[in-house]
Amino acid sequence: MNLHADPAAFAEPDDGIAKGAVLLEIRNISLAFGGVKALTDISFNVRKGEIRAIIGPNGAGKTSMLNVVNGFYTPQKGSITFRGRERRAMKPHHAVGQGIARTFQNVALFKGMSTLDNIMAGRSVMMKRNILWQMIWHGPALKEEIAHREVVEEIIDFLEIQHIRHTPVGKLPYGLQKRVELGRALAMEPSLLLLDEPMAGMNLEEKEDMSRFILDVNQQRGTTIALIEHDMGVVMDLSDRVVVLDYGKIIADGAPDQVKNDQGVIDAYLGVPH
Amino acid sequence: MGGVSAWREAAKGGERLEQARVAPDTLAKYLLLNAERFRGRPAMRYKDYGIWQSWSWDEQFEEVRAFSIGLQTLGLKRGDRIAVIGANRPRLYWTFAAAQALGAVPVPVYADSVAEEMAYVLDHAEVKFAVVEDQEQVDKLISISEQVSHLETVIYDEPRGLRDYDHTNLHAYRDVQAAGLKRLEENGAAEAWRAEVEKGKGSDLGVMLYTSGTTGKPKGVMLSNDNLVRSAVNGNAFDRLTEKETVIAYLPLAWVGDHLFSYAQAYTAGFCVACPERAETVNEDRREIAPTYVFAPPRVFEGLLTAIMVRMEDASRFKKAMFDYFLAHARKVGEPILNGEKVGLWDRVKYGLGEFLVYGPLKNRLGMSRMRVGYTAGEAIGPELFSFYRSIGLNLKQLYGQTEATVYITAQPDGEIRPDTVGLPSPEVEIRIADNGEVLYRSPGVFIRYYKNEEATRETKTEDGWVHTGDAGFFDADGHLKIIDRAKDVGKLASGALFAPKYIENALKFFPDIQEAVAFGHGRDYCAAFVNIDLASVGNWAERNNLAYASYQELAGHPRIYEIISAHVAEANRRLAAEPLMAASQIRRFLVLHKELDPDDGELTRTQKVRRSFIAERYGELIEALYDGSTEKYVETQVTYEDGRKGILRATVRIVDAEVYPAETEEIQEAAE
């Protein structure tokens with residue numbers, strides 16, 4: 001029969017960890033900048049296949065936490081275990097090499113490049129041919145480029161950004177830039193995706209779209225997600241488990257409903273004199 | 001009338017060809033025929049993952065057959081209704097043929113309808129099956145499942161997000177198709193399916209299309225297979241469309257035009273239909289495909305032109321000068337050349353140079369470099385807009401049609417194009433004008449009846465097959481039909497002078513800055529209007545003039561925007577003053593509306609036509625303000641967001657006087673008589 005087949009569904013990342021088992025374990029992490037204690041004795045874990053939210057008031061240490069996870073900051077104390085491998089501290093290249101990708105609170109894209117090129121850039125860590133080969137751009141390098149392009153096209157289709165494929169990213173509205181950034185992170189086919197305020201500065205409709213994409217990434221691609229978000233409605237709807245930080249300490253950890261009713265959390269958000 | 005005899009010849013040729021093959025009387029039979037006669041020729045293209053995927057006629061046949069048999073295994077039977085909801089995608093077009101092959105009746109529904117609108121249509125049509133594009137539509141159907149008791153089975157094309165849904169009555173398109181393929185392996189299954197196709201008759205109900213209706217609930221127009229096939233065959237003959245054409249399918253599936261152009265005509269002529277990647281990429285996709293047969297409502301042509309003009313504003317001075325110079329030359333000689341009139345050699349050479357330097361690249365940008373025949377319909381098109389496209393060598397024509405006629409009532413033959421008429425009666429169409437000026441027609445495309453609506457059928461269709469169009473019009477000296485307005489909308493000012501609101505609205509809408517207008521005046525002392533600004537065009541102007549604005553509402557109310565619109569209204573008045581019948585309807589006062597008219601709020605139909613009576617009721621206070629001399633008015637308006645939630649919009653709207661021009665009253669008297 002001559003029927004065109006649907007393209008294969010996304011393969012779930014194979015990292016040797018069973019669904020529901022611990023993918024990332026943070027143990028007793030402390031981080032200080034001089035006298036300022038950003039994080040104090042933080043321990044929590046992220047299980048494979050879940051959406052894990054990190055919330056807390058401004059300055060609670062959420063972004064610092066992400067920066068520790070992907071190796072941008074080196075903590076003074078504690079250890080990180082990712083995919084069963086314990087490290088004193090992550091290095092950014094370890095993080096990328098082992099399948100951790102992230103997006104940033106302030107969009108960090110190549111503004112002059114097109115959507116397509118930005119997402120392709122996310123594939124560059126996986127390119128096997130060296131820069132000389134890529135400059136010749138024939139034979140194996142071309143073949144590799146085509147294979148990568150295929151993955152990128154799937155992501156473009158997945159995020160519904162076909163219409164801006166060739167548009168320079170700097171010209172796009174903020175909501176779409178955020179989507180492109182998510183695309184670039186997805187291009188690395190991460191087993192853990194870190195999202196730093198994926199919905200900051202978006203209007204309601206854009207938030208709804210982004211929520212749907214996050215859920216789809218999680219459900220369809222089986223990607224484990226850790227996200228920081230301020231919009232409580234979004235966090236409670238999206239995440240499976242929530243960890244709450246305040247002044248660099250964990251004040252609650254559990255299912256959304258449980259956290260929502262926690263007196264410590266309510267105090268932290270409404271403000272109680274310390 | 002060379003054009004007319006030409007199509008008659010062509011029609012005869014077409015008939016001979018069809019008779020020689022025992023003309024199929026259903027589109028499903030055409031599918032069988034095309035799989036034989038056109039085999040490897042392209043039938044369908046679809047841009048997916050950034051690449052154009054193609055299906056030949058024999059592949060399309062396999063696709064349709066497998067899905068059709070799959071539907072059969074799920075229990076779809078002759079006469080059952082099957083809703084088709086979504087964007088222009090191959091699988092939804094295949095659903096049409098797959099259903100018709102079994103004698104089931106497709107009911108395409110506007111994909112952007114909100115849930116309640118959809119519930120009405122699905123319930124009224126008693127649909128048993130629905131084939132939908134994606135999760136969004138599935139969610140809508142689930143939310144209205146209690147109101148649509150007949151609906152048993154839902155099939156979706158795009159599986160994303162649907163994995164965890166209850167799949168008792170929900171199926172993936174490709175699973176249904178796979179079931180069909182499996183069944184095909186059994187002995188005799190292919191023959192049994194073919195026999196089912198052969199059982200179909202021309203007189204059977206082929207499709208049910210719900211008219212969006214400017215008033216009241218939508219009506220289900222029942223079109224037979226004969227209606228579809230004969231209209232399509234006549235249309236093909238009229239424009240000499242063959243299997244070599246390419247079209248791009250981007251208009252709503254539920255609209256009769258799309259059903260005919262992208263489906264019925266494609267099957268009868270055997271040409272290729274290209275589906276865009278997404279609604280947002282249509283212009284890009286059109287450029288890549290370069291369709292030979294183009295169909296678009298005026299707003300599409302307008303949008304394309306506006307986009308080009310906005311870009312030209314930013315072009316270098318040399319390019320801009322060249323662009324302006326050659327377009328001015330095209331305005332002078334372009335249309336005469338297209339119409340085959342005599343044009344001097346030097347002008348022709350210059351036009352040729354212009355083609356090389358400006359018109360060619362421009363047409364390429366518009367995706368019209370291969371366009372042989374183009375139609376605009378649905379609304380009146382601005383004469384300048386129309387002439388622009390024709391002057392750069394595009395064979396753009398006008399057509400007048402209705403769902404009830406399976407599109408064609410009149411069309412302009414090649415070489416007999418006028419911006420203000422809609423052309424000659426289409427092949428096999430008879431037209432007469434009633435005493436009250438209403439246009440009536442009779443043709444093989446005339447619908448069977450409205451579904452479950454005897455009263456409306458009786459009002460619209462006479463015993464002997466004449467259909468009331470509801471439009472007022474007349475034939476000009478050359479036999480071309482000219483439409484002035486909806487018959488029921490044509491009113492009189494208090495002075496007794498004729499008041500044709502649409503005519504006035506069109507005079508306003510021809511300015512790119514004005515997106516929509518609503519005119520009032522029946523029974524009043526003078527004519528007044530609401531204006532909607534075009535955000536793309538006005539917003540661009542604001543940007544270039546350093547005018548800061550935060551919202552549509554703020555921009556619409558800005559004094560400098562009012563100045564611009566005032567100038568446009570004055571210009572429209574000047575034109576109206578020049579026409580004896582219309583001079584009395586010059587716009588005395590107007591306001592720029594604080595929100596865009598929107599189908600979600602019921603102000604426009606799904607095909608973007610103004611629902612005047614609804615607007616009159618909703619904005620009654622503003623209309624009064626137009627006539628009581630006030631200069632501003634505070635209003636609160638309820639608005640519906642895309643997800644169905646409601647909110648309140650508050651605004652103080654300014655009302656201003658427009659400049660009017662003297663008219664010769666004598667002439668009005670004469671004309672009114």
Side-chain angles (χ1 to χ4, degrees), chain A residues 1-10 12 49 114-117 119-120 145-167 171-173 175-176 179 183 186 203-222 238, chain B residues 35 39-40 44-51 53-67 70 90-91 94 134-136 139 157-165 172-175 177-178 180-182 184-185 190 276-285 641-643 645 647:
Chain A
M1 274 307 134
N2 220 340
L3 303 183
H4 290 229
D6 271 353
F10 297 111
E12 298 200 354
S114 68
T115 299
L116 179 65
D117 290 339
I119 302 178
M120 278 301 270
E145 173 108 359
I146 290 171
H148 285 302
R149 174 71 187 268
E150 221 173 290
V151 178
V152 169
E153 282 297 338
E154 268 175 34
I155 291 166
I156 290 178
D157 182 78
F158 184 79
L159 294 174
E160 300 174 4
I161 46 178
Q162 296 97 329
H163 58 297
I164 53 164
R165 191 182 277 127
H166 299 297
T167 314
K171 280 175 119 185
L172 297 174
L176 278 175
R179 222 189 277 181
L186 287 179
N203 65 27
L204 187 81
E205 206 166 310
E206 287 169 334
K207 278 185 186 174
E208 283 178 353
D209 281 349
M210 186 51 98
S211 304
R212 219 190 71 222
F213 288 125
I214 292 174
L215 281 174
D216 286 347
V217 167
N218 176 249
Q219 282 169 9
Q220 229 144 314
R221 307 185 59 133
L238 281 184
Chain B
R39 248 171 260 136
M44 177 69 78
R45 293 187 205 279
Y46 173 46
K47 196 172 183 188
D48 204 8
Y49 297 104
I51 295 173
Q53 324 274 344
S54 306
W55 290 264
S56 62
W57 274 106
D58 47 8
E59 286 170 327
Q60 174 152 293
F61 165 78
E62 302 279 8
E63 292 275 359
V64 171
R65 182 173 63 173
F67 185 57
R91 285 171 167 179
W94 293 335
D134 56 8
Q135 183 186 18
E136 181 188 345
D139 284 346
D157 176 1
E158 176 67 59
R160 183 191 312 163
L162 288 164
R163 197 163 67 168
D164 298 333
Y165 281 50
Y173 183 100
R174 80 172 170 172
D175 295 343
Q177 200 177 38
L181 271 185
K182 195 141 177 279
L184 256 177
E185 286 165 11
E277 187 165 23
R278 275 174 74 72
E280 293 90 338
T281 61
V282 169
N283 290 342
E284 185 75 5
D285 296 338
Y641 297 114
E642 265 185 23
D643 60 2
R645 285 172 313 114

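Order of the sequence lines fixes the chain letters, A, B, ..., with proteins taken first and strands second; residue numbering starts at 1 for each chain.
Heavy-atom distances place no part of A:Ile164 under 4.5 Å from chain B, backbone and side chain included. With a 4.5 angstrom heavy-atom cutoff, A:Arg212 touches chain B only via side-chain atoms. Heavy-atom distances place the side chain of B:Gln135, and not its backbone, under 4.5 Å from chain A. Within the 4.5 angstrom heavy-atom criterion, only side-chain atoms of B:Asp164, from C-beta onward, approach chain A. Using a 4.5 Å cut-off between heavy atoms, A:Asp157 touches chain B through backbone and side chain atoms alike.
Annotation for A:Glu205: atom CD does not count as buried by contact number, only 12 or fewer foreign heavy atoms lying within 6.0 Å.
In terms of heavy atoms, B:Arg163 sits closest to A:Gln219 at NH2-O, 2.5 Å.
If you take NE2 on A:His166 and CD on B:Glu284, they are separated by 6.5 Å, rounding to the nearest 0.5 Å. The line from CG of A:Asp216 to CG of B:Leu162 is 9.0 Å long, rounded to the nearest 0.5 Å.
Listed for the B:Arg278 side chain is no donor-acceptor partner under 3.5 Å among the backbone atoms of A:Gln162.
Between B:Arg160 and A:Glu160 there is a salt bridge, since at least one side-chain N of the basic residue sits less than 4.0 Å from a carboxylate O of the acidic one.
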